[in-house]
Asker: 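One structure coming up, written as structure tokens, with questions to follow.
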Amino acid sequence: MSKQIFTTNSQQGLIRSGSFRTRAGVVTTPTFMPDGTRGAVKSLTPEQVASTGVEVVLANTYHLHLQPGEQVIKKLGGLHEFTRQKLPLLTDSGGFQVFSLAHINKISEDGVTFKDPRNGDTIFLSPEKSIQIQMELGADMMVAFDDVVALDGDKRHRTLEAFERTHRWLERSLAEFQRLTKNMSATERPLLFGVVQGGLDKDLRKRSLENVQSLPVDGIAIGGLSVGESREEMHDMLNYLAPLYTKDRPRFLLGVGDPIDLRYGIEHGIDMLDCVIPTRNGRHGVAWATGDKKVHLTNAKYINDPEVIDPECDCTTCLGGYSKGFLCHQFKVKEPLAGALVSIHNIRYLQRICEEYRK
RNA sequence: GCAGGGUUAGUGAAGCGGUCAAACACUCGAGACUGUAAAUCUCGCGGCUUAUGCCUUCGUAGGUUCGAAUCCUACACCCUGCA
């Protein structure tokens with residue numbers, strides 16, 4: 001049933017480079033995708049985002065549904081028109097909020113009831129609802145609504161339950177997706193990613209992957225990692241899954257983006273990754289420099305430093321000549337420009353890593 | 001000149017006889033952050049440091065007391081009334 005979506009350009013062992021088509025343009029892989037949760041990559045204009053060379057930007061169903069609501073965005077022309085972002089847009093399903101807001105949600109087979117942490121409003125998300133919202137938003141790529149389990153505490157016992165529920169929810173997500181796209185042409189139809197769960201249980205992970213790959217979804221998303229487990233545990237799982245992927249569809253590792261993990265993922269067959277860390281760290285004054293060295297720009301030692309963050313970097317911040325001294329000062333006086341400049345640098349740092357694997 | 005009020009660690013500001021190296025906030029120093037409840041959070045912030053440890057601090061100098069940042073005296077400076 002599933003057709004060939006992904007075109008491989010080169011393959012070296014488990015590492016592959018290629019491309020696939022979305023209705024908003026072609027995506028080259030491996031690729032890093034910054035998170036624009038509320039419709040903006042925090043503090044950056046679409047032009048600044050584009051300057052980093054990234055090809056896809058994320059947005060979030062949960063957040064945009066809460067505010068301003070998908071109907072508002074639809075009225076204002078859809079996500080692209082609304083956010084002025086021309087790059088292909090991928091919306092996350094809200095599944096991650098099942099995990100991150102676990103203390104204020106209630107999961108049932110039908111879906112998840114959240115308490116809005118801002119004002120206490122009750123909001124309900126289900127597989128169907130999530131797909132409907134993503135469709136209304138106008139996403140080019142969407143993710144099925146899944147059930148994510150934390151891996152660092154006493155919740156691991158939920159792994160089996162979440163694994164099973166994620167599959168039932170995927171079938172519902174897919175059915176809703178097919179219902180809403182049945183009249184669309186191939187060129188206007190968005191893409192749907194199914195999510196693999198299973199925690200740190202290899203047998204569950206394998207069955208989950210086989211299940212997702214057996215369905216006519218357009219892409220395979222690996223979820224439920226980087227949620228509290230150790231780096232070794234995460235890498236072990238990525239290594240285990242690597243030979244099990246089919247070649248016909250893009251593989252998206254959800255939420256992973258530390259340079260070390262990014263490389264590990266790509267070297268184990270991953271095509272796409274998203275992560276908040278380059279922008280969050282950027283706003284918090286932490287930049288990466290060649291060798292994955294962390295530069296804490298707020299450190300007192302940088303206040304007189306005339307050098308750019310990384311002389312080998314080709315981002316607009318480094319090419320623009322912004323010194324560590326300038327950035328240090330702007331962070332200390334809480335000027336938002338500093339966070340924006342370092343976010344650009346960090347996103348570019350990750351995208352450059354991806355580009356190295358495309359050769 | 002007379003009468004009040006005040007002077008606490010980098011800053012502001014609690015404390016008003018023992019449990020005070022001294023609340024709290026900020027500044028400052030360091031760190032964390034992986035499908036963003038995150039321009040957030042954590043730790044440290046007199047000195048020595050392994051410390052439930054020692055030493056030096058609460059305008060200055062004396063005094064009372066077993067014990068003082070806290071009470072008394074003098075002095076210095078600041079603020080407010082009356083002249």
Side-chain angles (χ1 to χ4, degrees), chain A residues 32-44 56-64 66-67 90-105 114-121 123 130 141-148 150-152 166 193 195-197 219 221-231 233-235 238 252-265 270 272-286 288 294-303 328 330-343 346 350:
Chain A
F32 175 75
M33 311 179 289
D35 289 342
T37 305
R38 296 188 172 95
V41 178
K42 287 183 191 292
S43 80
L44 302 185
V56 180
V57 175
L58 265 73
N60 196 293
T61 299
Y62 174 87
H63 301 259
L64 293 177
L66 272 180
Q67 194 176 15
L90 189 161
T91 45
D92 189 22
S93 62
F96 185 74
Q97 279 63 46
V98 176
F99 150 79
S100 66
L101 302 175
H103 56 114
I104 49 169
N105 73 33
F114 300 85
K115 285 281 188 192
D116 181 347
R118 289 191 353 270
N119 56 22
D121 284 0
I123 85 147
S130 175
M141 290 169 266
M142 49 192 78
V143 177
F145 190 63
D146 61 335
D147 185 0
V148 185
L151 296 175
D152 62 342
T166 292
F193 285 72
V195 183
V196 173
Q197 287 290 346
I222 310 301
L225 291 177
S226 66
V227 287
E229 78 282 13
S230 71
R231 167 164 282 158
E233 288 172 316
M234 176 170 76
H235 287 191
L238 290 172
F252 172 15
L253 177 55
L254 290 155
V256 173
D258 173 282
I260 294 169
D261 298 325
L262 184 84
R263 287 196 185 83
Y264 195 91
I270 295 299
M272 313 156 68
L273 310 91
D274 80 291
C275 192
V276 304
I277 204 68
T279 46
R280 182 182 290 164
N281 274 355
R283 271 175 281 121
H284 295 171
V286 181
W288 288 298
K294 285 165 82 171
V295 181
H296 284 76
L297 288 158
T298 53
N299 283 183
K301 63 181 172 185
Y302 293 122
I303 198 63
C328 179
Q330 298 299 352
F331 274 115
K332 283 185 184 292
V333 297
K334 301 185 181 355
E335 166 54 55
L337 175 63
L341 290 169
V342 180
S343 290
N346 283 345
L350 297 181

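We name chains A, B, ... by the order of the sequence lines, and we start the count at 1 in each one.
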Asker: For B:U34, give its Watson-Crick or G-U wobble partner with both distances under 3.5 Å, or none.
Answerer: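 Pairing partner: none.
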
Asker: Could you give the CG-to-P distance, from A:Asp121 to B:A37, as a whole number of Å?
Answerer: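 These atoms are roughly 17 Å apart.
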
Asker: Name the nucleic acid region contacted by A:Gly285, choosing base, sugar-phosphate or nothing; use a 4.0 angstrom heavy-atom cut-off, strictly under.
Answerer: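 The residue A:Gly285 makes no contact with any strand.
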
Asker: Looking at every non-hydrogen atom in both residues, tell me the closest pair between A:Gly282 and A:Phe331 and how far apart they are.
Answerer: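 What the structure gives for the nearest pair is O-CZ, 3.2 Å.
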
Asker: Please confirm whether the shortest side-chain N or O distance from A:His296 to OP1 or OP2 of B:G29 is below 4.0 Å.
Answerer: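 No, outside the criterion.
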
Asker: In this structure, how many angstroms lie between the P atom of B:U36 and the CE atom of A:Met33, rounded?
Answerer: 11 Å

Asker: Take the protein atom CD of A:Glu229 and the nucleotide atom C1' of B:U34, then report the distance between them rounded to whole Å.
Answerer: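 The distance from CD of A:Glu229 to C1' of B:U34 comes to 9 Å, rounded to the nearest Å.
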
Asker: Reckon A:Thr279 touches a base, only the sugar-phosphate, or nothing at all at heavy-atom distances under 4.0 Å?
Answerer: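 A:Thr279: base contact, heavy atoms under 4.0 Å.
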
Asker: Does any N or O in the side chain of A:Ser226 come within less than 3.5 Å of the main-chain N or O of A:Gly255, such that one atom is a donor and the other an acceptor?
Answerer: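 Present.
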
Asker: How far does the C1' atom of B:G6 sit from the matching atom of B:C75, given to the nearest Å?
Answerer: 16 Å

Asker: Categorize A:Gln67 for me: base, sugar-phosphate, or nothing, with a 4.0 angstrom heavy-atom threshold over every strand shown.
Answerer: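 Answer is nothing: A:Gln67 stays at 4.0 Å or more from every strand.
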
Asker: If you compare all heavy atoms of A:Cys328 against all heavy atoms of A:Ile303, which two are closest, and at what distance to 0.1 Å?
Answerer: SG-CD1, 3.7 Å

Asker: Between the base of B:U36 and the side chain of A:Ser100, is there a donor and acceptor pair under 3.5 angstrom?
Answerer: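 Answer is no: no donor-acceptor pair is held.
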
Asker: Ignoring hydrogens and geometry beyond distance, is the side chain of A:Asn60 in donor-acceptor contact with the base of B:G35 at under 3.5 Å?
Answerer: no

Asker: Specify the separation, in whole Å, of atom CG of A:Leu254 and atom P of B:G35.
Answerer: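 Interatomic distance, CG of A:Leu254 to P of B:G35: 10 Å.
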
Asker: For the residue pair A:Ser343 and A:Leu44, what are the closest heavy atoms and their distance?
Answerer: CB-CD1, 4.2 Å

Asker: Between B:U70 and B:G63, how far is it from one C1' atom to the other, in whole Å?
Answerer: 15 Å

Asker: Counting only Watson-Crick pairs (N1-N3 plus N6-O4 or O6-N4) and G-U wobbles (N1-O2, O6-N3), all under 3.5 Å, who is the partner of B:C71?
Answerer: B:G63

Asker: At 4.0 Å (heavy atoms only), tell me whether A:Gly257 reaches a base, stays on the sugar-phosphate, or touches nothing.
Answerer: base

Asker: Which whole number of Å gives the distance between the C1' atom of B:A13 and that of B:A25?
Answerer: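 Per the computed distance, 8 Å lies between those C1' atoms.
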
Asker: Take atom P in B:A14 and the same atom in B:U64, then report the distance between them in whole Å.
Answerer: 31 Å

Asker: Heavy atoms only, 4.0 Å cut-off, all strands: where does A:Lys332 land among base, sugar-phosphate and nothing?
Answerer: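 Counting heavy atoms under 4.0 Å across all strands, the contact made by A:Lys332 is with sugar-phosphate only.
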
Asker: Compare side-chain N and O positions of A:Thr37 against OP1 and OP2 of B:U36 and report whether any pair is under 4.0 Å apart.
Answerer: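 It does, given that an N or O in the side chain of A:Thr37 lies less than 4.0 Å from OP1 or OP2 of B:U36.
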
Asker: Is a donor on one side and an acceptor on the other found under 3.5 Å between the side chain of A:Tyr264 and the backbone of A:His235?
Answerer: yes

Asker: So what's B:G53 paired with, Watson-Crick or G-U wobble, going by both distances under 3.5 Å?
Answerer: B:C48

Asker: Across all strands, who's sitting opposite B:C77 as a Watson-Crick or G-U wobble pair, both distances under 3.5 Å?
Answerer: B:G6

Asker: Do you know the tightest heavy-atom contact between A:Gly265 and A:Leu238?
Answerer: CA-CD1, 4.3 Å

Asker: Counting just side-chain N and O atoms, does A:Lys294 come under 4.0 Å of either OP1 or OP2 of B:C33?
Answerer: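 Yes.
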
Asker: Given B:A37, is OP1 or OP2 found less than 4.0 Å from the side-chain N or O atoms of A:Asn119?
Answerer: no

Asker: Distance criterion of 3.5 Å, no angle test: do you see the side chain of A:Asp261 paired donor-to-acceptor with the base of B:U34?
Answerer: yes

Asker: Across all strands, who's sitting opposite B:G1 as a Watson-Crick or G-U wobble pair, both distances under 3.5 Å?
Answerer: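 Per the H-bond distance test, B:C82.
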
Asker: Just how far, in rounded Å, is C1' of B:G35 from CG of A:Leu238?
Answerer: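 Result: 14 Å.
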
Asker: Which heavy atom of A:Asp258 sits nearest to which heavy atom of A:Ile277, and what is that distance?
Answerer: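 Of all heavy-atom pairs spanning A:Asp258 and A:Ile277, the closest is N-CG2, 4.1 Å.
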
Asker: Please give the nucleotide sitting opposite B:U11 as a Watson-Crick or G-U wobble pair, both distances under 3.5 Å, or none.
Answerer: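 Across all strands, the one nucleotide that pairs with B:U11 is B:A25.
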
Asker: Within the structure, does a side-chain N or O atom of A:Arg38 lie under 4.0 Å from either OP1 or OP2 of B:A38?
Answerer: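 A:Arg38 to B:A38 OP1/OP2: side-chain N or O found under 4.0 Å.
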
Asker: Round to the nearest Å and state the distance from A:Asp116 atom CG to B:A37 atom C1'.
Answerer: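 About 9 Å, once rounded to whole Å.
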
Asker: Answer yes or no: is there a donor N or O on one side and an acceptor on the other, between the side chain of A:Ser130 and the main chain of A:Ser93, under 3.5 Å?
Answerer: yes

Asker: Does a nitrogen or oxygen in the side chain of A:Gln97 sit under 4.0 Å from OP1 or OP2 of B:A37?
Answerer: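 True: A:Gln97 side-chain N/O within range (under 4.0 Å) of B:A37 OP1/OP2.
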
Asker: With rounding to the closest Å, how many angstrom separate the P atoms on B:C28 and B:C78?
Answerer: 31 Å

Asker: May I have the distance from A:Leu273 (atom CG) to B:G35 (atom C1'), rounded to whole angstrom?
Answerer: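 About 11 Å, once rounded to whole Å.
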
Asker: Per the side-chain contact (heavy atoms from CB on, under 4.5 Å) rule, which among A:Val98, A:Thr166, A:Asp92 passes with A:Asp146?
Answerer: A:Thr166

Asker: If you measure from the C1' atom in B:U57 to the same atom in B:A22, how many Å do you get, rounded?
Answerer: 10 Å

Asker: Can you check the distance between B:A68 and B:U8, where both ends of the measurement are the C1' atom (answer in whole Å)?
Answerer: 14 Å

Asker: Applying a 4.0 Å non-hydrogen cut-off, can you work out what A:Asp92 is touching in the nucleic acid: base, sugar-phosphate, or nothing?
Answerer: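 Contact class for A:Asp92: base.
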
Asker: Check nucleotides 39-43 of chain B against the protein and report each pair of N or O atoms closer than 3.5 Å, with its distance, or say if there are none.
Answerer:
from  : atom 1 : to       : atom 2 : distance (Å)
B:A39 : OP2    : A:Arg283 : NH1    : 2.2

Asker: Restricting to non-hydrogen atoms, name the atom on A:Tyr302 and the atom on A:Leu297 that form the minimum distance, rounded to 0.1 Å.
Answerer: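 Answer, listing the atom of A:Tyr302 first, then A:Leu297: CD1-CA, 3.9 Å.
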
Asker: A:Leu66 CG to B:A37 C1': how many Å, rounded?
Answerer: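 Taking CG of A:Leu66 and C1' of B:A37, I get 10 Å after rounding.
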
Asker: Of the options B:G35, B:A37, B:G29, whose atoms approach the side-chain atoms of A:Val143 most closely?
Answerer: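 Nucleotide nearest to A:Val143's side chain: B:G35.
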
Asker: Mind running side-chain contact (heavy atoms from CB on, under 4.5 Å) on A:Asn60 and A:Phe96 for me, showing each step along the way?
Answerer: CA-CA 10 Å; A:Asn60 196 293; A:Phe96 185 74; 5.7 Å; no

Asker: Give me the distance, rounded to whole Å, that separates B:G12 from B:G62 when you measure between the C1' atoms they each carry.
Answerer: 31 Å

